[in-house]
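Inspection log for the structure reproduced underneath, given as structure tokens.
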Amino acid sequence: RPRVLSGIQPTAGSFHLGNYLGALRQWVALQETHDAFYCVVDLHAITVAQDPKVLRQNTRVSAAQLLALGIDPERSALFVQSHVPEHAQLGWVMQCLTGFGEAGRMTQFKDKSARQEAGVGVGLFTYPILQAADILLYQAHHVPVGEDQRQHLELTRDLAQRFNTRYGRTFRLPEPYIVKDTAKIYDLQDPTAKMSKSVPAGVVELLDDPKRSAKKIRSAVTDTGREIVYDPEHKAGVSNLLVIHSALSGESVDSLVARFEGKGYGDLKKELGEVFTEFVTPVQARVDAYLADLPELDKVLARGAERAREVASRTLARTYERIGFLART
Ligand code: AQP
């Protein structure tokens, strides 16, 4: 079976609808066809300052959400990135292969560093390189992510190619797995920007009180027109709501447009609030259940790390050998 690898940051505690529709839904689906490795990327989380207690708690909350959303630890290796030291080790190798200018072209760094109030760390600059290592360690064929990660996947492929050319074929070149319809979910308050944990006003969080989320959806920014049609260029807000509704309910955008003909934006928002509440209520109950048994949750993560290390350590050993590191006897 082909391999799949993806990761998510534990930084915010709760995942949001962009994370779910852009990436996590695909993680769940790909378990059917792929050998899957999914991780909570705590090494990436410390690219911005974290409170230690909160980070530890959020790492468990993240794992619980992945399980609640349908990641099956029997089929997939679900683990915490820092439990597999090979990530940091291969990360260093990849840093030494990356050009300074090449890293500087990553647009996400430009966006994220501009938003940072305190000093920007070198880790935020080099995080896409660590991400390349995350992927290459598992020889992944596919990487399910949102559109915002496409450039990082390109970097990963470039680094793999460069290493292979210099030292002999070692890494598989991974393909991004981006589902077009939901590749970019937009902020409810600013439907020209991507929904992001760093801008709390327009984000719908999975672990928030569904009543509050429904309210956020009801106050989503739309436009001064009246017609409910799918037109991302001129009606970004309404189109975003239609995409979210369709992804959660399974009803096609065309069918939604036909059904809402002659109705108002308020009707669409109200119904979407209900659809979201129906989706998220059982998810939240499952998250609570996983968090009620931390020893069991930690055991699941330990097993996942063990499975991940089997693969990661083989790749790292081969890499070290190719580079010319003296083997320890
Ligand atoms: N708005 C989005 N639409 C579609 N996909 C999205 N993703 C994030 N936002 C959207 C995808 O979610 C996965 C995990 O994201 P992450 O937490 O590892 O990365 P992130 O980009 O830091 O998440 P945020 O909320 O977007 O944070 P900030 O504001 O810090 O940039 C990834 O596959 C991502 O593509």
Side-chain angles (χ1 to χ4, degrees), residues 4-30 36-50 55 58-59 61-63 65-66 69 71 80-81 87 106-117 120-121 123-124 127-128 130-132 134-135 140 142-156 174-208 220 232 236-237 239-241 243-244 247-248:
V4 67
L5 173 289
S6 200
I8 184 152
Q9 295 197 48
T11 332
S14 176
F15 299 148
H16 58 71
L17 258 183
N19 299 141
Y20 175 64
L21 296 178
L24 303 179
R25 221 159 64 117
Q26 283 66 257
W27 294 21
V28 175
L30 287 167
F37 294 83
Y38 295 132
C39 56
V40 178
V41 291
D42 53 352
L43 297 179
H44 289 287
I46 63 163
T47 53
V48 297
Q50 299 295 331
L55 177 60
N58 282 348
T59 301
V61 170
S62 298
Q65 282 171 97
L66 293 174
L69 289 168
I71 300 301
V80 175
Q81 187 187 25
H87 287 255
M106 297 297 115
T107 57
Q108 212 187 63
F109 172 73
K110 292 178 197 163
D111 295 348
K112 285 195 180 185
S113 55
R115 270 189 261 135
Q116 275 289 105
E117 280 152 24
V120 175
L124 194 64
Y127 115 84
L130 177 59
Q131 191 181 315
D134 298 339
I135 297 164
H142 299 118
V143 186
V145 284
E147 181 61 42
D148 58 333
Q149 292 293 333
R150 190 184 287 279
Q151 195 188 26
H152 294 167
L153 256 296
E154 269 311 311
L155 175 70
T156 304
E175 299 280 347
Y177 184 92
I178 299 175
V179 172
K180 197 166 150 271
D181 293 345
T182 51
K184 190 167 178 184
I185 301 297
Y186 293 88
D187 183 290
L188 295 187
Q189 286 301 312
D190 174 8
T192 59
K194 81 160 187 173
M195 185 181 282
S196 149
K197 61 177 179 282
S198 338
V199 190
V203 84
V204 178
E205 293 192 331
L206 302 190
L207 297 185
D208 204 355
S239 301
N240 191 37
L241 296 176
V243 165
I244 295 172
L248 290 177

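All of these numbers come straight from a predicted model, not from anything done at the bench. Both counts, for ligands and for their atoms, begin at 1 and track the order of listing.
Ion pairing of D148 with K184 is absent here, as no side-chain N (NZ or NE/NH1/NH2) approaches a carboxylate O to less than 4.0 Å.
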Show, in sequence, the C-alpha distance, side-chain angles and deciding distance for H16 and D208, and conclude whether the side-chain hydrogen bond (donor to acceptor under 3.5 Å, both in side chains) test is met. CA-CA 9 Å; H16 58 71; D208 204 355; over 6 Å; no

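Close contacts of ligand 1 with S198, meaning ligand atoms under 4.0 Å from a residue heavy atom, involve 28 (P), 29 (O), 30 (O). Close approach of ligand 1 to Q108 is summarised as follows: ligand atoms under 4.0 Å from at least one heavy atom of the residue are 21 (O). Near I8, meaning under 4.0 Å from one of its heavy atoms, ligand 1 places the atoms 14 (C), 17 (O), 18 (O). Which parts of ligand 1 touch Q9 is read off a 4.0 Å heavy-atom cut-off, strictly below it: atoms 17 (O), 18 (O), 22 (O). The atoms of ligand 1 that sit less than 4.0 Å from any heavy atom of Q149 are 35 (O). Close approach to K184 involves these atoms of ligand 1, each under 4.0 Å from a residue heavy atom: 3 (N), 4 (C). Applying the 4.0 Å criterion to heavy atoms of G22 picks out, from ligand 1, the atoms 4 (C), 5 (N).
No N or O atom of T182 sits closer than 3.5 Å to an N or O atom of ligand 1. In terms of polar-atom proximity, I185 is counted as a contact of ligand 1, with an N or O under 3.5 Å from an N or O of the ligand.
Atom 5 (N) of ligand 1 has G18 O, 3.1 Å as its closest protein atom, hydrogens excluded (heavy atom only). For atom 15 (O) of ligand 1, the closest non-hydrogen atom of the protein is N19 ND2, 3.4 Å. Protein heavy atom in closest approach to atom 25 (O) of ligand 1: H16 NE2, 2.7 Å. Closest to atom 26 (O) of ligand 1, if we only count protein heavy atoms, is K194 NZ, 2.6 Å.
Considering each of V145, D148, V41, the one bringing a non-hydrogen atom nearest atom 35 (O) of ligand 1 is D148. Ranked by closest heavy atom to atom 24 (P) of ligand 1, the top entry among K197, R150, E147, K112 is K197. When the heavy atoms of A23, G146, S6, A45 are ranked by distance to atom 13 (C) of ligand 1, first place goes to A23.
Scanning both residues, E205 and S14, for their nearest heavy atoms gives CB-OG, 3.5 Å. Contact record, T156 with P174: CG2-CG, 3.9 Å, taken as the closest heavy-atom pair.
Annotation: side chain of E175 is not in contact with side chain of L153 (no heavy-atom distance under 4.5 Å). Counting heavy atoms from C-beta on, the side chains of V203 and L17 never come closer than 4.5 Å. Between Y20 and T182, the closest side-chain pair of non-hydrogen atoms is not below 4.5 Å. With a 4.5 Å cut-off on side-chain heavy atoms, W27 and I71 count as touching. Counting heavy atoms from C-beta outward, D134 and Q81 have side chains that approach closer than 4.5 Å.
Other residues, nucleotides and ligands contribute more than 12 heavy atoms inside 6.0 Å of the CZ atom of F109. Within 6.0 Å of CD1 on I46 lie no more than 12 heavy atoms contributed by other residues, nucleotides or ligands.
Contact annotation for H44 and ligand 1: no heavy atom of the residue comes within less than 4.0 Å of the ligand. Residue-level proximity to ligand 1 for A183 is carried by the backbone, the only part with a heavy atom below 4.0 angstrom. Heavy atoms from both the backbone and the side chain of M195 come within less than 4.0 Å of ligand 1.
Using a 3.5 Å distance cut-off with no hydrogens or angles, the side chains of T11 and Q50 do not pair a donor with an acceptor.
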